[in-house]
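Quick caveat, the model's predicted, so the values are computed rather than measured. One-based numbering, in listed order, for ligands and for the atoms of each.
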Amino acid sequence: MGDSQRSVKGRPSVVPAGHPPSPRRESKRARSQRLQAIVQVLAQLYPTVTIPLRHQTPWQLLVATILSAQCTDATVNKVTPDLFSRYPSAQALAQAPLAPLEALIHSTGFFHSKARALLATARQVAARPDRDLPRTLAELVALPGVGRKTANVLLSAAEIEKWPGWDARAGGLGIVVDTHVGRLARRLGLAFSLDPTKVEAELQTVVPPDEWAIFPLRLIYFGRQTCTSRNPDCPHCPLLSLCPAGPHHGETPWLATRGRTAVRAGSSRSSSSPNPANST
Ligand code: SF4
C-alpha cells in the first residue's frame, strides 16, 4: 500500500509503494541516502556545468549577478557585453554617470536601484587598497548591493572555475539559494522553509561540503529544464523515484501547515524578493 497524503487540486495523491514517504516522517539517515542518490543522478545529467552568466573576471560576474535579480540570465547576457566594453572594471564603473548607466541596464528591470547598487559597489571596491574584490563571504556581503546569494555565487564560481588566488572554502563558501534551488529543495524534501537563508542552512546539514559549489548549479539547470515552477515534468523525471513531490505533481502537501499558501510553496517564486537589493 502507498502512503496516503492530502490531495492537491483534486488530483490523486497516493504515494506509490517504495516511493519516499512524506519528508516530515523521514529519518535524517534516509534523507541523507536519498540526497546522495539525487546528487549522483544530477551529476550524470550534468557532468560539466558552466556559470550561465557570461563573465571574464570575478568583478564582471558580480555585476552580472546583481543585474540578474528579478531578470533572466539571457537578458543579462544581452546587456553585459556592451556594459563590460564600456566599463570593464570596478575602477571604470566607479566613474560612470548614473543616467547612461541606467540606460545601459534598463532592460534588466529595477534599473534605478540596480544602477545605484552597481555604482556604490564599484566605488567601494575601487577604494580598497588592492582595488580588487574581497574574497571572503563576510567581506563580500559587506559591499553595498551584495547579499548572501551573490556572495555565494562568486565563491561557487571561484571553486568551479578555479580562480587564481581564491580559496572559496576558506572564504566561507555556502550554498547558492535562488528561486530554482529553493523550489527544488522543498519539492525534493531537502528543505522546509521559504526563507532562502534558512533553506541554505537546511541544505548544509545534508549536502556534503564538497558539493556546495556545484550541486546548486545542477539544481538550477534541472529546475529550468525539467522541474519548472508551473509545469514540472514529473512523469518523465529522472528523479521521480527519489522525489516526495513527484506523486503530487510537484506540490508539497507536507508543507501545508497553514492552509493552501504553504501547499503552494513548492511551486511558488517565493524565494525571490521583489526588491532586487534584497535578493542578490
Ligand atoms: Fe520536480 Fe516532479 Fe521531478 Fe520531483 S518528480 S524533481 S517535482 S519534476
Side-chain angles (χ1 to χ4, degrees), residues 2-28 30-47 49 52 72-73 175-196 198-200 202-208 211-212 214-257 260-272:
D3 177 15
S4 180
Q5 296 184 351
R6 174 185 269 181
S7 71
V8 177
K9 291 182 180 174
R11 295 165 172 168
S13 61
V14 175
V15 179
H19 209 85
S22 164
R24 296 284 191 199
R25 298 202 294 274
E26 186 177 39
S27 70
K28 190 173 177 194
R31 183 172 304 149
S32 173
Q33 289 174 338
R34 196 165 53 81
L35 182 275
Q36 287 175 22
I38 291 168
V39 165
Q40 284 183 1
V41 171
L42 291 178
Q44 287 169 356
L45 282 174
Y46 307 106
V49 288
T72 65
D73 290 348
I175 295 178
V176 172
V177 178
D178 74 347
T179 187
H180 297 289
V181 175
R183 180 180 72 253
L184 267 288
R186 286 185 289 276
R187 284 177 172 170
L188 290 167
L190 304 175
F192 299 90
S193 178
L194 294 176
D195 179 339
K198 291 179 181 171
V199 170
E200 182 186 355
E202 290 177 294
L203 287 176
Q204 285 174 327
T205 66
V206 288
V207 179
E211 293 283 338
W212 286 8
I214 203 160
F215 180 66
L217 198 49
R218 288 182 169 133
L219 279 185
I220 289 168
Y221 275 94
F222 187 71
R224 287 175 174 170
Q225 294 172 358
T226 302
C227 190
T228 60
S229 174
R230 293 174 188 270
N231 194 25
D233 189 9
C234 300
H236 305 105
C237 176
L239 294 180
L240 178 60
S241 65
L242 299 165
C243 177
H248 307 285
H249 314 283
E251 300 283 0
T252 52
W254 58 89
L255 295 179
T257 54
R260 297 288 295 170
T261 300
V263 173
R264 286 193 294 268
S267 58
S268 77
R269 301 178 64 82
S270 53
S271 62
S272 291

Against heavy atoms of [X], which atoms of ligand 1 measure under 4.0 Å?
X    : result
C243 : 4 (Fe), 5 (S), 6 (S), 7 (S)
G250 : 7 (S)
P232 : 8 (S)
R187 : 7 (S)

Report task. Specify whether an N/O/S atom of H249 falls short of 2.8 Å from atom 2 (Fe) of ligand 1. Result -> no
To check your reading of the model: name the closest protein heavy atom to [atom], its residue, and the distance in Å.
atom                    : value
atom 2 (Fe) of ligand 1 : C234 SG, 2.3 Å
atom 5 (S) of ligand 1  : G246 CA, 3.6 Å
atom 3 (Fe) of ligand 1 : C237 SG, 2.3 Å

Heavy-atom distance under 4.5 Å between the side chains of [X] and [Y], does that happen here?
X    : Y    : value
L194 : R186 : yes
L219 : L42  : yes
E26  : W254 : no

Query raised in the report: Hey, is the main chain of L45 close enough, under 3.5 Å, to the side chain of R218 for a donor-acceptor pair?
Result: no
Query raised in the report: Within the distance-only criterion (no hydrogens, no angle test), does the side chain of R31 pair as donor or acceptor with the backbone N or O of P23 below 3.5 angstrom?
Result: yes
Query raised in the report: Is the distance between atom 1 (Fe) of ligand 1 and the nearest N/O/S atom of C227 smaller than 2.8 Å?
Result: yes
**Report entry** Distance, nearest 0.5 Å, that separates OG of S193 from CD of E200
**Finding:** 12.0 Å
Requested in this report: Mind running side-chain contact (heavy atoms from CB on, under 4.5 Å) on I175 and F215 for me, showing each step along the way?
Outcome: CA-CA 8 Å; I175 295 178; F215 180 66; 5.8 Å; no
